[in-house]
Amino acid sequence: MSETVRVSLGERAYDILIGEGVLGEAAARIAPLARRKVVAIITDENVARAHLPTLEKGLRAAGFKGPAIMLPPGEETKSFKGLEHLCGALLTAEIDRGDMVLAFGGGVIGDLAGLAAGLIKRGIDFVQVPTTLLAQVDSSVGGKTAINTKEGKNLVGLFHQPRLVLADVGVLGTLPLRELQAGYAEIVKYGLIGDAAFFAWLEKNGARVLDGDTAARIHAIKRSCEMKADIVATDEREGGIRALLNLGHTFGHALEAATGYSSRLLHGEAVAIGCVMAYELSHALGYASQADVARVRAHFDALGLKTRPAEIAGFSATPRELIAHMMHDKKVSDGRLTFVLPKGIGAAFTTRDVSEGSLERVLAS
Ligand code: NAD
Ligand code: GLY
């Protein structure tokens, strides 16, 4: 059984399939989209070990050829060096315009493979087969691709929409709990920015999502994808409403920078703390109640996510240092930061009207 969510982008529209075992359907789903039966699978060593045989078996049985390119796991792979290596491997394998790239992994593989697909031969089609919870609810949908440079994260990239997203909840069975929790933070984000009833559902069922209940996982991923699909269909290039998806991210990126983008703090973990900080800022500015702040913090706490910088091992950055990191964010223009502020639970807006004083008070609290 699988659920389908459509991303309505005119001639670039595509489906997101969510279910258990959709990996086994990859060949049947890709065949109608492929001009030739050649698919280059891009994956990392962890995903390959656990799941590549299943994917390859189905594709080979249906007559698909093409290389499986294995990259080292980790954020460092999303670099110019990683991109050069991957483009070289695709060109050596003589991947052509009519062929397909298949990104099989978490957000690192999805972002890198999507970028390489957008660049090779001036752009070839690609399919996202996300294998982390974060990638299934966020990074595989919406067409943002990028690598990191020494100047910052995700600063070199392009919009390149996939032709199809296949989210198999079965592959989450091998994902470490900490990675599941980090992805879960992005699910909570959708409830907070646009669906109070979904947040209430998560308060009741979040533990089932983390514990591996298939129906709960499918529901949470589907609702997240529906919300992201609607936002992307309205504002593909982030001229407006898409920025709401960055709730908690301005704070979160500063925390990630302050911890050296290391395994001390995963992206989703930073987003959870960042969401709570955004609520505190909203409360200070009169847009959220103390009860809202407490409710959001309690939910992350209950699911084992950190909600304060002090909980990060060895964290020592001062409020001024965090603000300096924020000023390097993509969301700065004319020296002013754009914040996503929640309005209660289930609504949010963007503003550039936040004084450094209120920001410093929240960061110091
Ligand atoms: P990731 O890709 O690094 O994966 C996390 C870890 O889990 C890796 O070690 C990986 O090898 C392993 N893994 C993946 N699937 C597995 C599975 N099924 N079983 C066992 N291990 C598995 O991390 P992520 O959290 O998926 O993605 C983070 C990246 O996503 C960041 O680079 C971030 O910038 C990017 N991102 C992009 C967007 C976007 O819109 N493009 C949105 C959010 C995040
Ligand atoms: N992850 C934010 C976005 O896709 O816009």
Side-chain angles (χ1 to χ4, degrees), residues 1-8 13-26 29 51 106-107 110 128-142 162 164-234 244-245 247-248 267-269 271-272 275 295-296 298-305 342 344-348:
M1 182 202 73
S2 64
E3 299 275 357
T4 303
V5 175
R6 183 91 175 149
V7 185
S8 302
Y14 54 95
D15 285 338
I16 307 164
L17 252 72
I18 305 148
E20 181 147 44
V22 293
L23 205 54
E25 291 177 38
R29 299 288 179 168
H51 303 291
Q128 287 270 20
V129 186
T131 62
T132 62
L133 187 56
L134 181 136
Q136 295 191 348
V137 299
D138 190 356
S139 61
S140 67
V141 176
L164 175 72
V165 181
L166 296 175
D168 188 337
V169 295
V171 302
L172 300 178
T174 54
L175 194 65
L177 175 63
R178 195 175 164 206
E179 296 288 350
L180 280 169
Q181 289 166 315
Y184 183 83
E186 300 278 7
I187 296 180
V188 173
K189 176 191 78 178
Y190 291 107
L192 299 178
I193 63 172
D195 188 345
F198 182 46
F199 181 71
W201 184 89
L202 290 170
E203 286 179 307
K204 269 206 191 121
N205 298 286
R208 288 173 57 212
V209 175
L210 288 188
D211 287 350
D213 180 304
T214 301
R217 279 191 178 168
I218 291 175
H219 178 75
I221 295 166
K222 182 182 178 216
R223 185 66 198 120
S224 301
C225 288
E226 280 170 352
M227 292 187 66
K228 182 149 187 185
D230 280 352
I231 289 173
V232 168
T234 312
L244 297 183
L245 294 172
L247 176 69
H267 173 72
E269 293 174 326
V271 167
C275 282
R295 201 175 151 197
V296 172
H299 184 53
F300 283 131
D301 265 344
L303 277 288
L305 281 146
I345 306 272

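Just so you know, these numbers come straight off a predicted model, no measurement behind them.
Between the side chains of T174 and H51, at least one donor N or O sits under 3.5 Å from an acceptor N or O.
Of the possible donor and acceptor atoms, one in the side chain of S140 sits under 3.5 Å from a partner among the backbone N and O of A135. Side chain of R208 to backbone of D213: no donor-acceptor contact under 3.5 angstrom is found. The backbone N or O of V22 sits less than 3.5 Å from a side-chain atom of D168, completing a donor-acceptor pair.
Shortest non-hydrogen contact noted between L164 and Y14 is N-CB, 4.1 Å. Shown here for M227 and D195, the closest heavy-atom pair between the two residues is SD-CB, 3.9 Å. The shortest non-hydrogen separation linking G110 to Q128 is CA-OE1, 3.5 Å. Summarising the geometry of V209 relative to A220, their closest heavy-atom pair is CG2-CB, 4.0 Å, with the distance given to 0.1 Å. Scanning all heavy atoms of the two residues, the minimum distance from V137 to G183 falls at CG2-O, 4.1 Å. Annotation for E269 and A182: closest pair N-CB, 4.0 Å, computed over non-hydrogen atoms.
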Stepwise side chain to side chain contact (heavy atoms under 4.5 Å, CB included) test for L172 and I221: CA-CA 12 Å; L172 300 178; I221 295 166; 4.2 Å; yes
Side chain to side chain contact (heavy atoms under 4.5 Å, CB included) evaluation trace for L134 with E179: CA-CA 8 Å; L134 181 136; E179 296 288 350; over 6 Å; no
Verdict with reasoning, I193 to I231, per side chain to side chain contact (heavy atoms under 4.5 Å, CB included): CA-CA 11 Å; I193 63 172; I231 289 173; 4.1 Å; yes
Residues D138, Y190; criterion side chain to side chain contact (heavy atoms under 4.5 Å, CB included); working and verdict: CA-CA 10 Å; D138 190 356; Y190 291 107; 4.0 Å; yes
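Partners of T214 according to the side-chain contact (heavy atoms from CB on, under 4.5 Å) rule, which considers only residues two or more places apart in sequence or in another chain, are E20, V169, I218. The side-chain contact (heavy atoms from CB on, under 4.5 Å) test applied to L303 returns Y184, L210, H299, not counting sequence neighbours. Residues satisfying the salt bridge (Lys or Arg N to Asp or Glu O under 4.0 Å) criterion with E226, sequence neighbours excluded, are K222, R223.
Interatomic distance, NE2 of H267 versus OG of S139, reported as 8.5 Å (0.5 Å rounding). A distance of 11.5 Å separates CG of L202 from NZ of K204, quoted to the nearest 0.5 Å. Separation of atoms CD1 (I187) and CZ (F199) is listed at 12.5 Å; rounding is to 0.5 Å. The CG atom of D230 lies 8.0 Å from the OG atom of S8; values are rounded to the nearest 0.5 Å. Atom-to-atom distance recorded for K189:NZ and L244:CG is 10.0 Å, nearest 0.5 angstrom. Rounding to the nearest 0.5 angstrom, the gap separating the OG atom in S224 from the CD atom in E186 is 9.5 Å.
Residues V141 and C225 have side chains in contact (heavy-atom distance under 4.5 Å, counting atoms from C-beta outward). A 4.5 Å side-chain heavy-atom check between D15 and V165 finds every atom pair outside the cut-off. Proximity of R217 to L180: side-chain heavy atoms (C-beta onward) are separated by under 4.5 Å at one or more points.
In this pair, F198 and H219 present their aromatic rings perpendicular. The plane angle is above 60°, beyond the 30 to 60° band.
Among the candidates I16, V171, T131, I18, the single residue satisfying the side-chain contact (heavy atoms from CB on, under 4.5 Å) test with Q136 is V171.
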